[in-house]
Amino acid sequence: MSAEIIQSRREWLLSDRPASRLQARLGRAYVTWRRFSANRLALIGLLIIIALLVVAALADVLAPYSPTIGDLKNARLLPPGAAHWFGTDDLGRDIYSRIVYGSRWTLYVVILVAVIAAPIGLLVGTVAGYAGGWTDAILMRITDIFLAFPKLVLALAFVAALGPGIENAVLAIAITSWPPYARIARAETLTVRNSDYIKAVQLMGASPFRIVLRHIMPLCVSSLIVRVTLDMAGIILTAAGLGFLGLGAQPPLPEWGAMIASGRRFILDQWWVAAAPGAAILIVSLGFNLLGDGLRDALDPRSGDQ
Amino acid sequence: MTAAIAIQGLEVVFDRFRALKGVSLEVGEGQSYGLVGESGSGKSTLLKAITGLAPVASGTVTVNGKTLGKTRDKAFYRDVQMVFQDPYGSLHPRQTVDRLLQEPLAIHGIADGEKRIERALDEVGLGKGFRFRYAHQLSGGQRQRVAIARALILEPSILLLDEPTSALDASVQAEVLNLLEEVRRRRKLTFLMVSHDLAIITHMCERLMVMQNGEAVETLTASQLIGHRVSEDYTRNLLRASEGFVRV
Amino acid sequence: MSGDTLLEVDDLRVTFPTRTGLVQAVRGVSFSLGRERLGIVGESGSGKSQTGRAIMGLTPPQAQVSARKLAFDDIDLLSISPRQRRSLRGNRIAMILQDPKYSLDPVMTIGRQIVETLRTHEKVSKAEARERALAMLQAVQIRDPARVFDLYPHEVSGGMGQRAMIAMMLITGPELMIADEPTSALDVTVQLDVLKILDKLVAERGMGLIFISHDLRLVSSFCDRVVVMYAGKVVEQIKASELRDAQHPYTRGLLNCMPRIGFERHPLPVLDRKPEWAA
């Protein structure tokens with residue numbers, strides 16, 4: 001019985017003649033999902049990211065100890081064990097709890113950077129690509145200036161100017177990470193701006209603003225999503241790097257990069273202090289990379305016409 | 001009869017390349033006019049110049065009595081619409097037919113969208129079942145029908161057709177040509193049609209201009225062409241070529 | 001024209017695996033070819049190009065090709081090694097594709113491409129190869145062969161490119177030529193020039209030619225015999241001169257639905273596709 005229902009639902013989704021806007025949209029999403037889920041590694045990536053979200057949301061429940069207040073007297077630098085799964089650090093804080101809470105900061109950084117950088121890149125790239133001429137030249141030269149510096153060095157300079165702190169680190173990373181998005185969006189725009197379907201919209205009397213916003217941007221979004229997802233690992237590492245250098249999250253914030261930094265002093269004797277946050281960064285970065293790869297296959301407008 | 005389209009000494013220059021070298025023509029209201037030529041003859045450029053997609057270096061274009069300036073206003077696009085050659089390239093890959101047809105209505109702030117979309121789809125012989133499909137769910141002929149529906153939805157009086165059937169199979173071409181003739185009759189449209197195929201132009205148009213290298217070779221009526229009453233060798237060559245291969 | 005059989009195709013099938021299952025592009029095509037001009041006509045999706053590719057051995061690797069018999073000059077094409085197949089290809093069987101832009105190497109001059117083709121199949125000196133390449137360019141009626149010899153493909157027009165392509169394909173003196181829409185990308189007047197050249201060379205050299213096209217009228221004016229394909233099957237085989245008496249409604253429909261100068265029909269007759277044609 002239920003197998004039949006699933007079957008008929010699938011047919012409804014895959015129908016060649018959808019009867020409503022909603023069915024068309026869902027059908028399209030379903031096809032994309034099928035293509036995505038055919039890739040097992042991408043599913044693993046998605047699982048990791050979902051796990052990260054769950055951990056961040058339920059940190060209060062999952063963490064047995066406070067992330068900031070440790071037991072200096074009895075619990076300094078304990079190795080992993082039953083009471084402290086990942087051991088404790090030099091201030092007697094439970095590393096597992098700190099990592100659980102740290103996931104919130106990781107998400108905070110990643111999401112904020114994506115939300116700030118991607119729209120800027122998209123806007124600059126599509127406008128430059130569609131307008132051409134002087135607008136293009138000016139916008140792209142500005143982009144080039146940002147691209148000319150190594151990301152971390154530029155971020156360092158910004159944080160140094162703005163002052164250390166996680167908000168400023170986010171801002172600095174966002175400012176340094178939009179140029180590649182602008183390049184991608186511009187390249188995509190250049191390939192579609194002379195296509196007949198854009199000309200057709202021009203011939204309806206659409207304003208340039210409308211064409212960019214409603215016809216060109218939707219075409220650039222999928223490659224941008226892929227790129228941002230793949231970049232997330234880099235963003236986490238940059239944030240961790242800034243944290244490591246003492247310019248990102250400030251103590252006692254349980255940010256993973258800062259945790260590694262504080263653990264480096266005892267890396268030989270108490271390796272777990274640095275290893276646990278390191279592994280967390282590694283796993284989450286890997287998750288984002290796998291997810292991005294899967295999204296690329298599923299969303300790429302060039303692979304199949306969907 | 002007043003002229004729907006009148007073109008005087010039209011020149012189009014792309015980066016020093018003269019794509020059109022002073023072409024003049026006049027299309028009467030309700031007439032169907034053909035432009036024939038091979039690649040590089042400037043026939044498609046002429047259509048683009050009318051719509052404002054190609055830079056006009058000199059000459060004038062007058063549409064429905066109004067001489068056009070450098071830019072085209074919204075009202076112009078309610079009068080003049082175009083159907084492109086490649087049905088695979090002229091529909092947005094991420095939009096449903098519904099969205100494609102809604103866009104011109106939204107741009108021009110037309111209210112009775114629902115009714116117009118349904119009517120337009122009916123008119124081009126695509127039922128409701130096609131309304132929410134994406135371009136990739138349509139065949140070449142169906143795509144071209146959607147493109148025609150999109151051009152008609154603003155109820156223009158002039159339709160520019162840029163090789164509308166050259167990418168289609170012969171049997172589908174016949175269907176699309178029939179459809180175009182039908183909508184022209186029903187809506188009393190003026191056609192300006194570009195093709196490399198003399199047979200299609202004589203089938204669809206009453207008058208035609210043969211073009212070569214950005215210039216007009218000669219202007220003929222369809223019956224002159226059918227009767228082989230042509231004066232230029234180039235036209236004669238084209239006529240001979242359209243009859244297929246002859247072994248000597 | 002026909003005498004000895006050059007190519008024999010019996011029950012050729014080409015199957016592609018797709019997400020939704022197997023798709024048969026060619027479903028049991030049979031014909032034989034002598035030293036004659038055979039046209040294969042059909043609309044998009046009829047399997048005409050895949051038939052040509054299967055004979056040539058250019059079917060994509062994921063596809064399955066099977067046939068009761070697929071023999072060129074009594075060599076079973078499906079059982080020989082890929083190496084033997086390669087040496088046959090270009091040497092004794094040649095193919096011309098629709099657009100010379102995509103089939104000529106963009107970073108090599110036209111002359112060098114012809115010379116390379118010749119030297120991979122025959123042991124000749126560089127000077128001799130050059131001589132023969134120039135002679136071949138002359139044979140395809142390129143007026144200034146020495147100049148065109150040193151040009152890159154993007155520097156010549158479509159018609160010139162297609163002539164160069166024909167020259168390259170004919171330099172090894174193949175016995176069978178498969179031409180897949182060789183003139184569809186060209187202007188009508190250039191189209192006839194290219195066909196004239198092809199016609200002359202095929203006749204002079206006594207080659208077999210398979211001319212694949214969507215244009216029934218053009219094919220019938222050029223070929224001796226026409227095979228009409230629909231949905232992967234042959235629906236009719238007919239002498240080009242008897243095309244007017246074609247029996248199958250699809251063939252007749254295809255002939256009828258094209259506008260013709262001097263035969264006014266409004267509206268044009270359209271094809272009423274019957275499901276049993278594809279059965």
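- In terms of heavy-atom pairs under 4.5 angstrom with chain A, the leader among Arg131(B), Gln137(B), His108(B) is Gln137(B).
- Using a 4.5 Å cut-off between heavy atoms, Arg210(A) touches chain B through its side chain atoms alone.
- With a threshold of 4.5 angstrom between heavy atoms, Thr96(B) approaches chain A through side-chain atoms but not through N, CA, C or O.
- In this structure, Met204(A) CE and Arg150(B) CZ are separated by 4.5 Å, a value rounded to the nearest 0.5 Å.
- Residue contact with chain A, scored on non-hydrogen atoms closer than 4.5 Å, is absent for Arg78(B).
- In terms of heavy-atom pairs under 4.5 Å with chain A, the best-connected choice from Pro156(B), Ala151(B), Gly129(B) is Gly129(B).
- Looking at Leu53(B), only its side chain comes within 4.5 Å of chain A, counting heavy atoms on both sides.
- Scanning residues 54-73 of chain B against chain A with a 4.5 Å non-hydrogen threshold yields no residues.
- Counting heavy atoms from C-beta outward, Arg214(A) and Gln95(B) have side chains that stay 4.5 Å or more apart.
- Atom CZ of Arg186(B) sits in a crowded spot, with more than 12 heavy atoms from other residues, nucleotides or ligands closer than 6.0 Å.
- Considering every non-hydrogen atom in both Ser90(B) and Ala200(A), the closest pair reads O-CB, 4.4 Å.
- Shortest non-hydrogen contact noted between Tyr134(B) and Arg25(A) is OH-CA, 4.1 Å.
- Considering every non-hydrogen atom in both Arg133(B) and Pro18(A), the closest pair reads CG-CD, 4.0 Å.
- Closest non-hydrogen pair, Ala206(A) versus Ile107(B), comes out as CB-CD1, 3.3 Å.
- Although no hydrogens or angles enter the test, the distance criterion places a donor-acceptor pair under 3.5 Å between the side chain of Gln81(B) and the main chain of Leu203(A).
- Each of Pro218(A), Ser20(A), Ser207(A) has some count of heavy-atom pairs under 4.5 Å with chain B, and the biggest count is that of Ser20(A).
- Pro93(B) approaches Arg28(A) most closely through the heavy-atom pair O-NH2, 3.7 Å.
- Counting only heavy atoms from C-beta outward, the side chains of Phe132(B) and Arg21(A) approach each other to under 4.5 Å.
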Q: Starting from the C-alpha separation in whole Å, work towards a yes-or-no answer on side-chain contact (heavy atoms from CB on, under 4.5 Å) for Leu219(A) and His92(B).
A: CA-CA 9 Å; Leu219(A) 286 171; His92(B) 197 288; 3.6 Å; yes
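- Two residues are said to be in side-chain contact when any heavy atoms from C-beta on lie closer than 4.5 Å; Glu103(B) and His215(A) meet this criterion.
- Between chain A and the residues Gln85(B), Lys74(B), Lys128(B), Arg99(B), the largest count of heavy-atom pairs under 4.5 Å involves Arg99(B).
- Contact annotation for Lys48(B): only side-chain heavy atoms (C-beta onward) come within less than 4.5 Å of a heavy atom of chain A.
- Surrounding CZ of Phe14(B) are more than 12 heavy atoms belonging to other residues, nucleotides or ligands, all under 6.0 Å away.
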